[in-house]
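All values below were derived from every heavy atom in this structure, side-chain atoms included, with hydrogens, water molecules and symmetry-related copies excluded. Chain naming here is simple, since letters A, B, ... match the order of the sequence lines and numbering starts at 1 in each.
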Amino acid sequence: DTGVSQDPRHKITKRGQNVTFRCDPISEHNRLYWYRQTLGQGPEFLTYFQNEAQLEKSRLLSDRFSAERPKGSFSTLEIQRTEQGDSAMYLCASSPGPNYGYTFGSGTRLTVV
Amino acid sequence: DQQVKQNSPSLSVQEGRISILNCDYTNSMFDYFLWYKKYPAEGPTFLISISSIKDKNEDGRFTVFLNKSAKHLSLHIVPSQPGDSAVYFCAASGGGSQGNLIFGKGTKLSVKP
């Protein structure tokens, strides 16, 4: 297992387009998290899954954002009708459970032009 | 309302000397604290953690100290090396965060040869 994988690494899109990111966690980790990081800020929590159940969503996750983890393995994060303010690094992480350190992927850098 | 604060955006240290990175938190229910290191264009990597039942945890050159009464923790790196130059994030969980990590804004450490 090579850790948490995220695809793509970079995405440039025009405002108003939809984008989808994929995250493959460490296989034995049942928790999967999505975070967003902008310049000068720490990672900000978006949502997390325990297996296939989405258990919490941040108020940062507007109705244009949706995340899925259909079989409790990989996850997708979709942003509809992208806005310039969505430009950020989107980080995925996984962990075996609460109060364990996360393993982060390398992130997907989104630029909305 | 920032629950985890890193008040120093940057720190510069000479190689071989001690680096001390500080972090304050406001939620007294946090019970697990972590430090992450982040290089540009990579996801954060876990460095060291401490549970609230301890006041010190050591791992090689890295030591984390926790002062619960002051709601303060610090990361000491001794001796500092140029390869330690990175952004360091303090994170906390517990207190209703459901195991989700709340991150500070980070401190950029530069270790000069």
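Heavy-atom proximity under 4.5 angstrom to chain B picks out A/F104, A/G105, A/S106 from residues 104-113 of chain A. Contact residues of residues 52-64 of chain B toward chain A are absent (heavy-atom distance under 4.5 Å). Contact residues of residues 103-113 of chain B toward chain A are B/F103, B/G104, B/K105 (heavy-atom distance under 4.5 Å).
No side-chain heavy atom of A/F74 sits less than 4.5 Å from a side-chain heavy atom of A/L32. Using a 4.5 Å heavy-atom threshold, the side chains of B/Y36 and B/L47 count as separate. Using a 4.5 Å cut-off on side-chain heavy atoms (C-beta onward), A/L61 and A/Q54 make contact. Using a 4.5 Å heavy-atom threshold, the side chains of B/N100 and A/Y35 count as touching. Counting heavy atoms from C-beta outward, B/L73 and B/W35 have side chains that approach closer than 4.5 Å. Counting heavy atoms from C-beta outward, B/F33 and B/V4 have side chains that stay 4.5 Å or more apart. B/C90 has its side chain out of reach of B/Y25: every pair of non-hydrogen atoms, C-beta onward, lies at least 4.5 Å apart. With a 4.5 Å cut-off on side-chain heavy atoms, B/K38 and A/P43 do not count as touching.
The ring-ring contact (aromatic ring centres under 6.0 Å, His included) search around B/F89 returns none, not counting sequence neighbours.
For A/E44, no part sits under 4.5 Å from any heavy atom of chain B, backbone or side chain.
Between A/Y48 and A/F45, the two ring planes are tilted [angle within 30° to 60°].
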* Output, in order, the C-alpha distance, side-chain angles, deciding distance and verdict of side chain to side chain contact (heavy atoms under 4.5 Å, CB included) for A/Y33 and B/L101. => CA-CA 10 Å; A/Y33 306 85; B/L101 294 181; over 6 Å; no
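Without hydrogens or angle criteria, A/R31 side chain to A/G97 main chain gives no donor-acceptor distance under 3.5 Å.
Inspection of the B/N67 and B/S69 side chains reveals an N or O donor paired with an N or O acceptor under 3.5 Å.
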